[in-house]
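Read through the structure below, which is laid out as structure tokens, and then see the notes.
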Amino acid sequence: MIYEREERPLKEVYSDLLVEYGRKDPRIVIVEADLMKSGSTDKFQQEFPDRTFDVGVAEANMICVAAGLSLMGKIPFTHTFAVFASRRCCDQINQSVAYAGCNVKMCGSDPGITTELNGGTHMAMDDVGIMRSIPEMTIFEPVDSRQLRAVFPQILNLETPVYIRLFRPNATRIFTGEETDFRLGKGIVIREGSDVTILSSGIMVAEALKAAELLEEQQIQAEIINIHTIKPLDTRLIIESAAKTGCVVTAENGSIYNGLGSAVAECLAEHLPRPMKRIGVQDCFGQIGHVEELLNAFHMAAEDIAAAAAELVRNKEKGGL
């Protein structure tokens with residue numbers, strides 16, 4: 001497989017969607033926290049200045065303003081760094097949005113190691129865990145622009161809170177055909193396999209596919225599944241795949257605690273216990289570096305995924321754990 005970067009940054013695609021659907025639905029408004037230019041949401045401001053609210057560097061207030069707009073019949077979209085969109089705003093999201101039944105769409109950009117040179121203070125390793133704990137929260141992490149475009153209207157039609165985990169730069173192109181059916185809450189089998197299941201989201205999908213190629217050299221057939229909706233989780237697909245392959249690896253751009261790996265572990269523990277390994281950030285803070293460097297530093301690269309999968313397969317063949 002050729003791993004090409006898309007022509008346009010994912011943040012620009014997201015901004016275009018806000019403008020496109022904003023023309024159709026006057027209820028759509030945006031509430032920003034002083035990141036409009038870097039997040040490309042200034043395009044919406046240029047076309048709809050009276051539907052744009054920049055509250056400055058006051059993320060918690062941003063959520064409260066969005067909640068108020070929701071109660072007035074609007075559909076507010078908020079945006080800031082994922083670390084601020086989750087941890088800094090947790091109480092406001094829980095109380096003012098979720099508990100109050102407000103329809104707010106929250107975009108947290110540059111999650112996990114994709115914050116790169118902004119370093120550990122800006123790296124949201126725990127945002128998925130925070131959002132998973134909030135009732136009725138949907139968590140969506142697009143892998144490329146085609147998936148984002150397909151799911152965006154579904155997000156818009158939901159009347160409950162949504163957290164969009166957005167990679168800002170040019171994403172790796174994963175989906176190209178028109179045949180893929182993208183639905184919130186439904187995982188996608190990208191590559192079928194019989195020996196091990198690898199579940200991944202966001203930037204880790206490309207790493208999982210590279211890992212599958214490395215495993216094929218060892219005569220190990222990996223089933224690659226994109227879990228773009230981390231909550232609600234596609235438990236049926238996970239159980240079906242785990243029953244077929246007998247072991248599971250998860251790969252996520254964030255902490256292995258309370259994220260995708262934990263969600264999958266909970267699913268398997270309750271329905272179909274199978275040996276598994278979690279690839280992600282291992283109980284530590286972030287650091288400065290480029291994505292490629294950080295993937296290696298945190299042992300999240302394709303080689304690490306392949307090694308974990310191969311170990312599970314070997315143990316399975318020996319009849320152990």
Side-chain angles (χ1 to χ4, degrees), residues 1-14 38-40 81-83 108-128 141-148 164-176 190-191 198-218 220 222 224-228 230 249-257 259-261 277-311:
M1 181 176 180
I2 300 175
Y3 299 96
E4 297 180 342
R5 289 288 185 180
E6 294 186 319
E7 295 177 357
R8 300 180 65 225
L10 211 53
K11 67 177 183 178
E12 292 186 4
V13 176
Y14 177 72
S38 61
S40 294
F81 279 106
V83 66
S109 62
D110 282 356
I113 64 172
T114 64
T115 312
E116 294 191 301
L117 302 184
N118 281 306
T121 58
H122 282 56
M123 288 187 176
M125 305 303 192
D126 50 2
D127 59 323
V128 173
E141 183 171 22
V143 66
D144 62 13
S145 63
R146 186 167 184 278
Q147 190 173 76
L148 176 59
I164 303 168
R165 205 170 190 253
L166 188 73
F167 177 60
R168 281 196 209 175
N170 303 57
T172 301
R173 183 180 290 108
I174 300 296
F175 299 105
T176 56
I190 301 177
R191 174 176 176 149
I198 302 179
L199 304 161
S200 57
S201 62
I203 66 167
M204 298 304 291
V205 174
E207 296 301 314
L209 286 167
K210 294 174 188 175
E213 295 173 359
L214 295 173
L215 290 165
E216 193 168 27
E217 296 174 1
Q218 304 175 50
I220 296 174
I224 307 299
I225 299 178
N226 171 214
I227 302 294
H228 53 77
I230 302 171
V249 176
T250 57
E252 59 193 306
N253 171 29
S255 175
I256 62 168
Y257 297 107
L260 174 62
K277 288 185 178 293
R278 296 173 294 168
I279 298 295
V281 178
Q282 306 280 329
D283 197 26
C284 60
F285 293 106
Q287 56 183 285
I288 293 173
H290 295 290
V291 167
E292 293 75 16
E293 297 169 328
L294 296 172
L295 284 170
N296 290 317
F298 290 113
H299 305 291
M300 295 163 55
E303 292 78 7
D304 302 299
I305 299 171
E311 183 180 349

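These numbers come from the heavy atoms of this one structure, side chains and all, not from hydrogens, waters or symmetry mates.
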Could you measure the distance from the [atom1] atom of [X] to the [atom2] atom of [Y]? Nearest 0.5 Å is fine.
X: E7; Y: E12; atom1: CD; atom2: CD; answer: 11.5 Å
X: S200; Y: I279; atom1: OG; atom2: CD1; answer: 11.5 Å
X: I203; Y: D144; atom1: CD1; atom2: CG; answer: 13.5 Å
X: Q282; Y: Y257; atom1: CD; atom2: OH; answer: 6.5 Å
X: M123; Y: S255; atom1: CE; atom2: OG; answer: 14.0 Å
X: T121; Y: I288; atom1: OG1; atom2: CD1; answer: 8.0 Å

Measure from the side-chain N and O atoms of [X] to the backbone N and O of [Y], and report whether any donor-acceptor pair falls under 3.5 Å.
X: R278; Y: I256; result: yes
X: N253; Y: I113; result: yes
X: T172; Y: A206; result: no
X: E6; Y: S145; result: yes
X: E116; Y: V291; result: yes
X: R146; Y: F175; result: no
X: E293; Y: H290; result: yes

Minimal non-hydrogen separation, [X] against [Y], with atom names:
X: V83; Y: A124; answer: N-CB, 3.4 Å
X: K210; Y: A302; answer: CB-CB, 3.5 Å
X: L294; Y: G289; answer: CD1-O, 3.4 Å
X: S201; Y: I230; answer: OG-CD1, 4.2 Å
X: L148; Y: P142; answer: CB-CB, 4.0 Å
X: A301; Y: N296; answer: CB-OD1, 3.5 Å

ask   = Which is it for I174 and N226 under the side-chain contact (heavy atoms from CB on, under 4.5 Å) test, yes or no, and what are the steps along the way?
value = CA-CA 10 Å; I174 300 296; N226 171 214; over 6 Å; no
message = Closer than 4.0 angstrom, basic N to acidic O: yes or no for R165 and E252?
response =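 Salt bridge flag = no for E252 with R165.
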ask   = Any ion pair linking D110 and R168 (charged N to carboxylate O, less than 4.0 Å)?
value =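 Yes, charged N to carboxylate O under 4.0 Å.
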request  = Give the C-alpha distance, both sets of side-chain angles, the deciding distance and a yes or no for side-chain contact (heavy atoms from CB on, under 4.5 Å) between L215 and I198.
outcome  = CA-CA 11 Å; L215 290 165; I198 302 179; 4.0 Å; yes
ask   = Going through the distances and angles, do M300 and M204 end up as a side-chain contact (heavy atoms from CB on, under 4.5 Å)?
value = CA-CA 8 Å; M300 295 163 55; M204 298 304 291; 3.9 Å; yes
task = Check the pair V128 / L260 against side-chain contact (heavy atoms from CB on, under 4.5 Å), numbers first and verdict last.
result = CA-CA 8 Å; V128 173; L260 174 62; 5.9 Å; no
